[in-house]
Amino acid sequence: QVQLVESGGGLVQAGGSLRLSCAASGSIFSINDMGWYRQTPGKQRELVASITRGDITNYSDSVKGRFTISRDNAKNTVYLQMNSLKPEDTAVYYCHFLVSTHWYSAYRTYWGQGTQVTCSS
């Protein structure tokens, strides 16, 4: 089994910064893409940012220039540095990994438990 544990959420004023972390543990052979999604009540979960094993990044238009995703493969960890936060960034943030648990296994999706980010105006 694979577990993803998130940390770093909280309450911040508009213009402030937060850094999210998500570490994977368990039976891990290889991790491909990592990413962050967010969700607000009544809305679908949306992609915020993703990073490939080769460090190619992708961002939603709403966070480009403000958020930075990075990864530490040695620690099986992905980070999301969030700067210039806005009230509309308020959401539950979920990390997402594509993990292979054995050399012969296909990659499967795993999700973190979610961490609340609240930005007040």
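What's counted below: heavy atoms across the whole structure, side chains too, no hydrogens, waters or symmetry copies. Because the structure is predicted, anything quoted here is derived from the model rather than measured.
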Heavy-atom closest pair, residues [X] and [Y]:
| X | Y | result |
| --- | --- | --- |
| Thr77 | Met34 | O-SD, 3.9 Å |
| Val78 | Cys95 | CG1-CB, 4.4 Å |
| Ser30 | Tyr107 | OG-OH, 2.9 Å |
| Ser17 | Ser84 | OG-N, 4.4 Å |
| Val48 | Phe67 | CG1-CD2, 3.7 Å |
| Ser60 | Leu47 | CB-O, 3.5 Å |

Tell me whether [Y] is reachable from [X] by hopping between hydrophobic residues (I, L, V, M, F, W, Y) whose side-chain heavy atoms are closer than 4.5 Å.
| X | Y | value |
| --- | --- | --- |
| Met82 | Val92 | no |
| Leu18 | Ile51 | yes |
| Leu4 | Ile31 | yes |

### Query
Would you say the side chains of Ser62 and Arg38 form a donor-acceptor pair under 3.5 Å?
yes
### Query
Is there a donor in the side chain of Thr68 and an acceptor in the side chain of Tyr79, or the other way round, less than 3.5 Å apart?
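There is no such pair (donor and acceptor under 3.5 Å, judged by atom type) between the side chains of Thr68 and Tyr79.
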Closer than 3.5 angstrom, by distance alone: can the side chain of [X] be matched with the main-chain N or O of [Y] as a donor-acceptor pair?
| X | Y | answer |
| --- | --- | --- |
| Arg71 | Thr52 | yes |
| Tyr59 | Ile69 | yes |
| Gln1 | Gly26 | no |
| Thr118 | Thr90 | no |
| Glu6 | Leu20 | no |

To the nearest 0.5 angstrom, please state how far the [atom1] atom of [X] sits from the [atom2] atom of [Y].
| X | Y | atom1 | atom2 | result |
| --- | --- | --- | --- | --- |
| Ser100 | Asn32 | OG | CG | 9.5 Å |
| Gln44 | Gln39 | CD | CD | 8.5 Å |
| Phe29 | Trp103 | CZ | CH2 | 9.0 Å |
| Ile28 | Asn76 | CD1 | CG | 4.5 Å |
| Arg108 | Leu98 | CZ | CG | 11.0 Å |

### side-chain contact (heavy atoms from CB on, under 4.5 Å) between Ser27 and Thr101, worked out
CA-CA 5 Å; Ser27 178; Thr101 55; 3.9 Å; yes
### Residue list, ring pair (Phe, Tyr, Trp, His ring centres under 6.0 Å) with Tyr37, at least two apart or on another chain
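Counting only residues at least two positions away or on another chain, Tyr37 forms a ring pair (Phe, Tyr, Trp, His ring centres under 6.0 Å) with His96, Trp111.
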### Message
Assess the residue pair Asp61 and Lys64 against the criterion (salt bridge (charged side-chain N to carboxylate O under 4.0 Å, His left out)); give the C-alpha distance rounded to whole Å, side-chain angles, the decisive distance to 0.1 Å, and a yes or no.
### Response
CA-CA 5 Å; Asp61 288 342; Lys64 276 181 185 176; 3.2 Å; yes
